[in-house]
> 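There's a structure below that I have some questions on.
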Number of protein chains: 2
Amino acid sequence: MNRPTTTIKQIADATGVHPSTVSRALDPKKRHLVADDVAKRIVAQAAALDYQPNRLAANLRLGRSDLIGVLLPDIANPVFAPILGGITEVLSAEGYAPIVADAGNASSQQIAFVERLLSQRVDGLILATVSQDDELVGFCIQRGLPVILVNRSEARDRVSSVVSDDDMGMRLAVDHLIGLGHRHIAHVAGPLSTSTGALRRDGFERAMSHHGLRGVVREAIGYTREAGEQAAIHLLAATRDVTAIVAANDLLALGVLDALKQRGLRCPEDISLVGHNDMPLMDVVSPPLTTVRIAHREMGRIAARMLAEQLKGGSPEIRHVILRPELVVRGSTGNSMFWR
Amino acid sequence: MNRPTTTIKQIADATGVHPSTVSRALDPKKRHLVADDVAKRIVAQAAALDYQPNRLAANLRLGRSDLIGVLLPDIANPVFAPILGGITEVLSAEGYAPIVADAGNASSQQIAFVERLLSQRVDGLILATVSQDDELVGFCIQRGLPVILVNRSEARDRVSSVVSDDDMGMRLAVDHLIGLGHRHIAHVAGPLSTSTGALRRDGFERAMSHHGLRGVVREAIGYTREAGEQAAIHLLAATRDVTAIVAANDLLALGVLDALKQRGLRCPEDISLVGHNDMPLMDVVSPPLTTVRIAHREMGRIAARMLAEQLKGGSPEIRHVILRPELVVRGSTGNSMFWR
DNA sequence: GTCCATATTGCAATCGATTGCATAATGTCA
DNA sequence: TGACATTATGCAATCGATTGCAATATGGAC
């Protein structure tokens with residue numbers, strides 16, 4: 001930094017009052033403690049000298065930083081842009097600045113990021129990174145750091161979260177395919193170490209058994225397009241009569257499309273496909289993807305709001321906000337060929 | 001915050017030395033000033049008490065913050081995720097934390113964001129937001145705030161930037177279309193107030209006149225899919241014989257696709273289309289988009305590296321890094337029907 | 001043991017904003 | 001004018017880390 005910046009002392013010298021009076025006059029909550037004419041002179045001088053408060057100094061005194069850490073597992077995954085958009089929108093409105101970390105999936109790396117954030121004295125964290133039994137969450141709880149989980153949750157009820165109703169999402173997908181005549185339906189699951197992976201797998205099986213059916217599941221090793229392709233290749237090699245696939249997210253679905261193309265299978269003519277998330281651009285992929293839409297921007301907003309409330313002394317009790325998903329039917333699903 | 005955290009004084013009390021000795025022992029650059037046995041005791045005690053330095057305090061003393069502001073014009077535009085990924089990767093490696101702001105396009109809003117960042121005493125800024133003659137850049141220069149521009153530049157040579165060679169990019173696009181037999185080529189330009197809008201428009205015209213041709217240009221009012229659609233609708237209504245369109249970026253290209261579909265035109269059979277950026281997923285849109293690829297992640301890395309160097313006392317002279325684009329041919333371009 | 005050079009450590013101040021409490025100033029009323 | 005209550009302002013300390021300089025300790029040579 002090292003740029004000359006105006007201090008409260010300079011304003012005090014210029015107005016002939018004490019620095020504490022300057023501080024009071026410039027704080028809207030303390031303004032009433034200063035005489036009107038004095039305050040006006042102080043405000044004018046602050047503007048004339050381009051005064052910008054040093055939040056480092058104020059926050060050192062106040063024991064806060066106005067900074068919030070936001071950890072993403074993969075910043076390049078398009079689903080996180082709207083989440084991050086919602087988060088930054090609300091944090092900004094609440095007077096916080098979001099430090100964004102592309103934290104990956106290894107807890108040692110995530111903990112290293114959080115240690116860095118701790119030394120910046122962040123007021124709280126929003127984590128989009130958690131696994132079912134998350135080491136980082138334990139680390140944060142141990143240090144009394146306020147945390148909100150977004151998009152994924154823990155199996156344990158340790159901290160508040162904002163997630164989508166994965167059970168319902170899978171029910172919507174399976175019911176839609178059953179309605180099209182499909183009976184042999186497979187599921188390309190996300191990593192079962194994540195709540196989204198596990199809950200969507202469970203939801204898939206529940207929805208299938210609701211129709212007296214049993215589906216095939218293949219876990220992908222990550223939430224990437226490549227992992228989805230690999231899982232689909234294995235799945236298609238292991239089963240013969242699958243007519244539809246439900247993927248745990250849209251990137252996995254795109255990987256399934258890659259695998260179908262590779263085997264000369266058409267979607268939806270040979271195999272119908274449903275994704276999850278309705279991340280940006282799913283309406284212009286080929287074929288336009290039928291998917292379970294989650295209001296990601298709203299999810300980010302809610303998470304940020306919950307954290308801001310908690311930081312402002314609100315209720316510390318643990319809450320889970322479950323967003324209602326909706327099915328968006330596009331061109332990747334069609335009637336089962338056994339029904340045509 | 002308000003969490004009890006270990007201070008240097010607590011370690012000093014526990015080891016029976018002065019706080020300044022603790023400070024020296026814990027700083028790798030000062031470690032040699034402390035006796036080995038003393039230093040070892042201090043380090044052990046710091047670990048036992050889970051000491052985490054308070055960077056607020058240290059940075060107040062040092063006149064720095066280790067924070068970098070990153071301003072994006074639209075966080076939800078998929079092209080920014082890889083740029084942001086490259087930026088966060090290098091800043092993190094250099095010991096900085098990136099505060100991300102979704103700053104929009106209005107300079108008053110952008111300046112408000114930067115004022116907030118100034119009060120957090122950010123060490124520098126990376127701006128992806130600039131227009132040709134940017135008010136915010138002037139604001140930052142006036143205050144001695146180090147700035148690097150990424151993806152867009154200014155007409156004036158005031159600050160360093162990392163951008164793509166837009167002239168070459170447009171040349172690649174036009175040459176490709178000419179090679180396919182197209183002669184009546186139009187350009188859906190981005191906002192001409194931005195460097196990318198203006199330079200790509202200029203590059204288009206230069207490439208066309210290189211072939212002794214003249215193209216039609218229609219400016220879109222923003223870099224959104226909707227603006228692209230509107231511009232294409234007007235363009236198609238105004239001209240009759242266009243067989244190919246070069247869009248200033250991929251989102252505009254998707255808007256052009258929307259307009260073509262609306263008019264019952266097929267791409268590439270009726271009209272070929274070239275985008276710009278190769279943002280994520282352009283290979284799975286329908287048709288797979290031929291586009292000019294920019295190495296966005298690398299762009300973000302370079303920008304962050306340049307800023308870090310500048311902050312570490314490196315050369316303050318103004319540099320422009322121009323990345324070489326490449327043409328990625330997919331399914332949205334085909335032979336001109338006049339040539340078939 | 002003495003002297004000198006070097007290494008080690010502590011002291012006091014700094015960074016800039018905030019605030020509890022004491023002091024000073026002001027206004028009202030008799 | 002004096003007494004009292006209220007308002008306004010200044011003082012001194014705090015937050016936690018860093019560091020120039022002075023003081024102290026240590027080690028080696030004679």
Side-chain angles (χ1 to χ4, degrees), chain A residues 1-43 45-46 49-67 95 118-123, chain B residues 1-42 45-46 49-66 95 118-123:
Chain A
M1 230 202 33
N2 298 319
R3 296 182 307 277
T5 54
T6 305
T7 62
I8 275 186
K9 182 167 192 303
Q10 280 164 287
I11 298 170
D13 291 344
T15 49
V17 299
H18 192 264
S20 66
T21 305
V22 176
S23 180
R24 287 193 199 95
L26 295 180
D27 178 357
K29 294 208 198 76
K30 298 277 172 58
R31 170 64 178 72
H32 66 281
L33 298 176
V34 180
D36 254 10
D37 56 311
V38 175
K40 282 187 169 67
R41 283 196 298 115
I42 288 168
V43 170
Q45 205 57 237
L49 295 176
D50 195 32
Y51 172 70
Q52 201 74 43
N54 187 334
R55 301 281 349 140
L56 292 189
N59 287 332
L60 179 60
R61 177 67 164 76
L62 297 174
R64 56 181 297 166
S65 68
D66 296 322
L67 301 170
L118 277 173
S119 71
Q120 286 280 0
R121 293 301 194 259
V122 288
D123 293 336
Chain B
M1 232 202 32
N2 297 319
R3 296 184 304 280
T5 54
T6 306
T7 62
I8 275 186
K9 183 168 190 307
Q10 280 165 289
I11 298 169
D13 290 345
T15 49
V17 299
H18 191 263
S20 65
T21 304
V22 177
S23 180
R24 286 191 200 99
L26 295 179
D27 178 358
K29 295 209 197 79
K30 297 277 171 59
R31 171 65 180 71
H32 66 279
L33 297 177
V34 180
D36 254 11
D37 56 311
V38 175
K40 281 185 169 71
R41 285 193 300 115
I42 287 168
Q45 204 56 235
L49 295 178
D50 196 32
Y51 172 70
Q52 202 74 42
N54 187 333
R55 302 265 11 122
L56 292 189
N59 287 332
L60 179 61
R61 177 66 164 74
L62 297 174
R64 56 183 295 167
S65 70
D66 297 322
L118 277 173
S119 72
Q120 285 280 0
R121 292 305 192 260
V122 289
D123 294 335

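Every chain is numbered from 1 and lettered A, B, ... according to where its sequence line falls, protein lines coming before strand lines.
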> From CG of A/D37 over to P of C/dT26, roughly how many Å is that when rounded to an integer?
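Whole-Å distance recorded here is 11 Å.
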> Expressed in angstrom and rounded to an integer, what is the separation of B/I42 atom CD1 from C/dT8 atom P?
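Atom-to-atom, B/I42 to C/dT8, this comes out as 12 Å.
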> Compute the bend angle of the helix from C/dG1-D/dC30 to C/dA30-D/dT1 from the end axes (five pairs per end), rounded to 10°.
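Here the local axes at opposite ends form an angle of 50°.
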> Could you tell me the separation between the CZ atom of B/R64 and the CZ atom of B/R121, rounded to the nearest 0.5 Å?
15.0 Å
> Write out a two-atom table: protein N or O, nucleotide N or O from nucleotides 17-21 of chain C, distance below 3.5 Å.
from   : atom 1 : to    : atom 2 : distance (Å)
C/dA17 : OP1    : A/Y51 : OH     : 3.1
C/dA17 : OP2    : A/I8  : N      : 2.8
C/dT18 : OP2    : A/S23 : OG     : 2.5
C/dT18 : O2     : A/R61 : NE     : 2.7
C/dT18 : O2     : A/R61 : NH2    : 2.9
C/dT19 : OP2    : A/K30 : NZ     : 2.5
C/dT19 : O4'    : A/R61 : NH2    : 2.9
C/dG20 : O6     : A/R24 : NH2    : 3.1

> Hey, could you give me each pair passing salt bridge (Lys or Arg N to Asp or Glu O under 4.0 Å) that has a residue in residues 13-24 of chain A? Not counting sequence neighbours.
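Checked against salt bridge (Lys or Arg N to Asp or Glu O under 4.0 Å) - neighbours excluded - the pairs reaching residues 13-24 of chain A are A/K9-A/D13.
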> Which residue lies toward the 5' end of DNA chain C, B/L60 or B/L33, if each is placed at its nearest nucleotide?
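Checking each residue's closest nucleotide, the 5'-ward one belongs to B/L33.
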> Compare every heavy atom of A/A12 with every heavy atom of A/H18, then report the nearest pair and how far apart it is.
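Looks like C-CB, 3.9 Å.
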> What I'd like to find out is whether the side chain of B/R41 reaches to under 4.5 Å of the side chain of B/V17, using heavy atoms alone.
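A side-chain contact under 4.5 Å exists here.
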> Find the distance between CD1 (A/I11) and CG (A/L49) and round it off to the nearest 0.5 Å.
6.0 Å
> Is B/L26 close to B/Y51 at the side-chain level, that is, under 4.5 Å between some pair of heavy atoms?
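In short, these two side chains touch, coming nearer than 4.5 Å.
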> How many whole angstroms separate atom CG of B/L56 from atom C1' of D/dT14?
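Atom-to-atom, B/L56 to D/dT14, this comes out as 15 Å.
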> Taking atom P of D/dC15 as reference, at what distance in whole Å does atom CG of A/N59 sit?
16 Å
> Is B/D36 paired with B/R31 through a side-chain N to carboxylate O contact shorter than 4.0 Å?
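Yes.
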> Measure the shortest side-chain to side-chain distance between A/T5 and A/N54 over non-hydrogen atoms and say whether it is less than 4.5 angstrom.
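Not touching, per the 4.5 Å side-chain cut-off.
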> Just the rounded figure in Å: distance from P of C/dT26 to CG of A/D36.
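Distance, rounded to whole Å: 16 Å.
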